[in-house]
Number of protein chains: 2
Amino acid sequence: MQSSSVAPGRSLRTIKADAVAASIAATALDLFDKKGFDGVTVDEIASASGISRRSFFRYFATKEDIVVAGHAAFGERILEIVRARPQGEDVWLSLRRGYDILVDNVDRDPEAAARTMRVINATASLRAHTIEKHIVWAVCLGPEIAHRLGDAPARRLEADALIHASLACLDVALAHFTPGQDASLGEKLDAAFDALRPVRSR
Amino acid sequence: MQSSSVAPGRSLRTIKADAVAASIAATALDLFDKKGFDGVTVDEIASASGISRRSFFRYFATKEDIVVAGHAAFGERILEIVRARPQGEDVWLSLRRGYDILVDNVDRDPEAAARTMRVINATASLRAHTIEKHIVWAVCLGPEIAHRLGDAPARRLEADALIHASLACLDVALAHFTPGQDASLGEKLDAAFDALRPVRSR
DNA sequence: CAATTTTTGGCACACCGTGCCAATATATTT
DNA sequence: AAATATATTGGCACGGTGTGCCAAAAATTG
């Protein structure tokens, strides 16, 4: 297998599978927004997407994953951005810049993002799972931030505190965000970050 | 009904029910610690506790609630403590003092607390539910902290950022805590709070 | 076209959580 | 103490999620 000479990152099949998953997610999100997350069964989503129930669970491990799965990939991208920041920079600012990629993503399609946030905020289990994904990001960021703080073992707790607090700021900014509003998500995020300001920079 | 003249807060039956719930929780926690949260079914817990499956769900709405339900009550108590702090005090410090009640609770029985933390940290859904409960605390604390910040509507986001960041510090301190260790939970929590220090005090 | 591999769909199953109702235990009244 | 009311329990059936297993269909390859 894998006889094709060119394998540019994603294989051909993976691309197709991702497209199908995206399509399922789109129709599911519409249903969630209309009838509430708990008011929609997997059978409903499957038949509305033209696939069987069994096949649905091959694209998404969980019903929650429809909403949350996309988040997982961002962890790596945030880490990349933070890695690219100058070494001496204030860690708090580096983290803030890392989240720019999320801000851009929301700004690219504010209505869709708002709909997703609406669904998430209306369902307790989804809020929890969102934060759970953020914890995965925190684990990703851990070593890099600890390194920037000097790598002393005593600094591990400090690094974790900064990371998790920055994620708390992100969650708060997202919760306070609605698309056609006065302030953009970026500004809200800035305001949250300004409220907390760590003392040390390196 | 309720003919008894003295009704000291909790009715007599409620006390009994709470005791039964505590007993169920104790046996369940033992099982969780041994076989993992997902490796124990509700039927197992019920029969080990000498009750029927149906009755179990009258004491706990969810299997997760065995581990998490106790947390809910702390929200009110934390709020009480924060309310009792002097009005001009640095909000960051007020929040820190609010969590003293949790520190005390852990210090009272570090082994039990450690076991609970072990079970929680080993199970994704439990981590998520723990955070869910913390969000409830945040909602409790919201008005009081906003009030201390001056009640201007613009300060709502700032208040939420402080609250959620402080909860992030709590989570980090708990995650870094193991009973027979060098530093107590209180010291870990202090370290986390010191890493983040908000600029304004009122 | 034929052969292989992947994808799909259809069961059956274990588990969680809930509504309903009859049986049992507990408390209250006479 | 007997009778009545009330609360608790247990059993049953049901809808929902998620998974293992295997055969049918579809796509890929020679």
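Throughout, a chain's letter reflects where its sequence line sits, starting with A, and its residues are numbered from 1.
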- Task: Could you label the plane-to-plane angle of the B/W92 and B/F193 rings as parallel, tilted or perpendicular, counting under 30° as parallel and over 60° as perpendicular?
- Result: tilted

- Query: Starting at CG of B/D18 and ending at P of D/dT8, how long is that distance when rounded to a whole Å?
  - Reply: 12 Å

- Message: Within this structure, what is the NE2-OG1 distance for the pair A/H134 and A/T130, rounded to the nearest 0.5 Å?
- Response: 6.0 Å

- Please state how far atom CZ in A/F37 lies from atom C1' in D/dG16, giving the value in whole angstrom units. 12 Å

- Note on the structure: Under a 4.0 Å heavy-atom criterion, the protein footprint on nucleotides 16-24 of chain C, written with B, S and -, is BBBBB----

- Task: Using a strict 4.0 Å threshold on nitrogen-to-oxygen distance, state whether A/K35 and A/E44 make a salt bridge.
- Result: yes

- d(B/R96 CZ, B/D90 CG) to nearest 0.5 Å is 13.0 Å

- Between A/I51 (CD1) and C/dG9 (C1'), how many Å, whole number? 11 Å

- Query: Can a donor-acceptor pair be found between the side chains of A/S166 and A/Y99 at a distance below 3.5 Å?
  - Reply: yes

- Message: When you compare the side chains of B/D160 and A/H176, does any donor N or O come within less than 3.5 Å of an acceptor on the partner?
- Response: yes

- Would you say a side-chain N or O of A/S52 is under 4.0 Å from OP1 or OP2 of C/dG9? yes

- Message: Would you compute the distance between atom NE2 of B/H164 and atom CG of A/D171 and round it to the nearest 0.5 angstrom?
- Response: 7.0 Å

- Message: So does B/L157 get a backbone contact from the side chain of A/K188, meaning a donor-acceptor N/O pair under 3.5 Å?
- Response: no

- Query: Does OP1 or OP2 of D/dT8 have a side-chain N or O of B/Y59 closer than 4.0 Å?
  - Reply: no

- Task: With a 4.0 Å heavy-atom cut-off, tell me which residues in residues 116-132 of chain A come close to DNA chain D, sorted by residue number.
- Result: none

- Item | A/E44 CD - D/dT17 C1' separation (whole Å) | 14 Å

